[in-house]
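All chains are named by letter (A, B, ...) in the order of the sequence lines, taking the proteins before the strands, and each is independently numbered beginning at 1.
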Amino acid sequence: MSKELLSWYDNNKRSLPWRRDKDPYKIWISEIMLQQTQVTTVIDYFNRFISRYPTVEALANGTEEDVFKLWEGLGYYSRAKNLIRCAYQIVNEHKGVFPKDVEALKQLPGIGPYTAGAIASIAFDLPEPAVDGNVLRVISRLNCLSEPINENKHQMLYKQKTIELMSERPSDFTQAMMELGAMICTPKSPRCSNCPLSERCCSFKQQTQLNYPVKIKKIKQREERVGLAIVVSGQDVMLIKHETTGLLANLWGFPRTTLDDLSKLPFEKQVQNHLEQELDFKPEFSHCMVGKPHVFTHIKWQTILCFFHTDVKISSEIPKVEWVNLSDIDLKALPTALKKQLNIISKEIEEI
DNA sequence: AAGGCGGGGAG
DNA sequence: CTCCCAGCCTT
């Protein structure tokens, strides 16, 4: 079976920037970027990142601000935070060389069971399984496994089934499994007629491909109204750097507060109070308007933009505050939820 | 074991 | 719309 798989991979693999060599540094960067993120999205980010930080030493000497800027828009920003910590540890605790041992890899920040297996197999050609969403889908369909893939107690089962398939080319095997999951064994409409394994696939024989993989429950999304304070001073707007934990941690943004629908206070008062409590700052209120909504995995944001103006450009270290010309705002790492408000904001500011 | 954490593409 | 994605970390 693995022979068929590898042969298919040899003939059909995509040419991707992180497949040009087996540099563990590049494999690592690509694997972190690819967590919960699709290949097409990652390619440009990867190329930009590697040309700026070609080695782990370069990255260990980089600034957090610059790395976040490179990560802007990619999401799951704790990955960027851990990236620097990890580079630093590799340089200072591993003499700049990636450990070849899976357990040692897992000790590094941001590297879990999947990524450890991926680096060990892809970069070092060690027979370590790397079980991600693609592999889970392929394995569960191949074997008609109904054990929910998102229950911890079944991790070993899927890992074991992956090891059973593994060939003498671990690096190519790991990539082939994921390539198959991404190109052929897709979630909604698998291309079984082009699949090298269909003849030996349990769910194909039964025509039950779409019954797999089995997953339990789903997270309920909550709705929130969020008030954003747009404080204008001349040509500049106030930005704050958000706290180090929680939603959008470490990114720049506008002061924000979750609005209470049941409160007797109008929205602008709630935003005003937030500014006063957080920054001891009372700029002059102008007006509020509805902003663009934004959907996260677990939250739906209805944004309310509240405009203020001031002659006093306050400064603060906790949280960090900066005043930025709207045309220079691209220099800061802003989450997409806020970037999509910028058009509205610049129009409003012109009218003030 | 559960929940938090982004954003984009597919259907 | 809903689901999914080369997951990890904290609690």
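A:C195 has its SG atom 2.5 Å or further from the SG atom of A:C185.
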Protein-nucleic acid N or O pairs under 3.5 Å, nucleotides 9-11 of chain B:
{"unit_1": "B:dG9", "atom_1": "O4'", "unit_2": "A:Q38", "atom_2": "NE2", "d": "3.3"}

Tabulate atom names and distances for all N/O pairs under 3.5 angstrom spanning the protein and nucleotides 8-11 of chain C.
{"unit_1": "C:dC8", "atom_1": "OP1", "unit_2": "A:G112", "atom_2": "N", "d": "2.9"}
{"unit_1": "C:dC8", "atom_1": "OP1", "unit_2": "A:G112", "atom_2": "O", "d": "3.4"}
{"unit_1": "C:dC8", "atom_1": "OP1", "unit_2": "A:T115", "atom_2": "N", "d": "3.0"}
{"unit_1": "C:dC8", "atom_1": "OP1", "unit_2": "A:T115", "atom_2": "OG1", "d": "2.7"}
{"unit_1": "C:dC8", "atom_1": "OP2", "unit_2": "A:Y114", "atom_2": "N", "d": "3.4"}
{"unit_1": "C:dC9", "atom_1": "OP1", "unit_2": "A:G110", "atom_2": "N", "d": "2.5"}

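Dashed line: the shortest gap from a side-chain N or O of A:H298 to OP1 or OP2 of B:dG4 is not under 4.0 Å. A sub-4.0 Å separation between OP1 or OP2 of B:dG7 and a side-chain N or O of A:Y77 is present.
To the nearest 0.5 Å, the span separating SG on A:C144 from OH on A:Y212 amounts to 4.0 Å. To the nearest 0.5 Å, atom NZ of residue A:K320 and atom CG of residue A:L239 are 12.0 Å apart. The distance from atom CD of A:E284 to atom CZ of A:F308, rounded to the nearest 0.5 Å, is 10.5 Å. For the atom pair OG1 of A:T336 and NZ of A:K292, the computed distance is 12.5 Å after rounding to the nearest 0.5 Å. In this structure, the separation between CD on A:E31 and CZ on A:F46 is 10.0 Å, given to the nearest 0.5 Å.
Between B:dG6, C:dC5, B:dG7, one nucleotide has an atom nearer to the side chain of A:Y76 than all others, and that is B:dG6. Of the candidates B:dG7, C:dA6, C:dG7, B:dG7 carries the atom nearest the A:T336 side chain, counting heavy atoms from C-beta on.
A:G73 comes within contact range of the sugar-phosphate backbone alone, with a heavy-atom separation under 4.0 Å but no base atom that close.
When each of A:N152 and A:Q36 is assigned the nucleotide of DNA chain B with its nearest heavy atom, A:N152 is the one assigned upstream, toward the 5' end. Nearest-nucleotide mapping onto DNA chain B: of A:E151 and A:I299, the residue sitting toward the 5' end is A:E151.
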CA sep, side-chain torsions, deciding dist, call: A:K241, A:E65, salt bridge (Lys or Arg N to Asp or Glu O under 4.0 Å): CA-CA 11 Å; A:K241 194 171 183 190; A:E65 206 64 9; 3.3 Å; yes
Residues A:D66, A:R52; criterion salt bridge (Lys or Arg N to Asp or Glu O under 4.0 Å); working and verdict: CA-CA 10 Å; A:D66 189 57; A:R52 177 139 191 122; 2.5 Å; yes
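Proximity of the aromatic rings of A:H309 and A:F307 is defined here by a centroid distance below 6.0 angstrom, and this criterion is not met.
Within residues 118-141 of chain A, the residues that have a heavy atom under 4.0 Å from DNA chain C are, in order of number, A:D132, A:G133, A:N134, A:R137. DNA chain B lies under 4.0 Å from no heavy atom of any residue of residues 15-23 of chain A.
If you take CG of A:D44 and C1' of B:dG7, they are 15 Å apart, rounded to a whole angstrom. Atom CZ of A:F46 and atom P of C:dA6 are 17 Å apart (whole Å). Rounded to an integer number of Å, the gap from CE of A:M33 to P of B:dG8 is 15 Å. B:dG6 atom C1' lies 12 Å from atom CG of A:L338, rounded to whole Å. Per the geometry, NE2 belonging to A:H154 stands 13 Å off P belonging to B:dA2, to the nearest Å. One atom, CG of A:L74, and another, P of B:dC5, lie 18 Å apart when rounded to the nearest Å. Across the protein-nucleic acid pair, A:H294 atom NE2 and B:dG8 atom C1' stand 10 Å apart, rounded to whole Å. Counting to the nearest Å, the P atom of B:dG8 and the CZ atom of A:F296 are 11 Å from each other.
Among residue pairs with one or both ends in residues 80-130 of chain A, those qualifying as ring pair (Phe, Tyr, Trp, His ring centres under 6.0 Å) are A:W28-A:F98; sequence neighbours excluded.
Here A:F49 pairs with A:Y53 under the ring-ring contact (aromatic ring centres under 6.0 Å, His included) rule; sequence neighbours left out.
Across the P atoms, B:dG8 and C:dC9 are found 24 Å apart, a figure rounded to whole Å. Going from the P atom of B:dC5 to that of C:dA6 covers 23 Å, rounded to whole Å. B:dG9 and C:dC8: their P atoms are spaced 23 Å apart (whole Å).
Considering only heavy atoms from C-beta on, A:V135 comes within 4.5 Å of A:M178 through its side chain.
A donor-acceptor contact shorter than 3.5 Å links the side chain of A:H154 to the backbone of A:P148. Within the 3.5 Å criterion, the main-chain N or O of A:E72 finds a donor-acceptor partner in the side chain of A:Y45.
No option in A:E147, A:K153, A:Q155 other than A:K153 meets the side-chain contact (heavy atoms from CB on, under 4.5 Å) test with A:E151.
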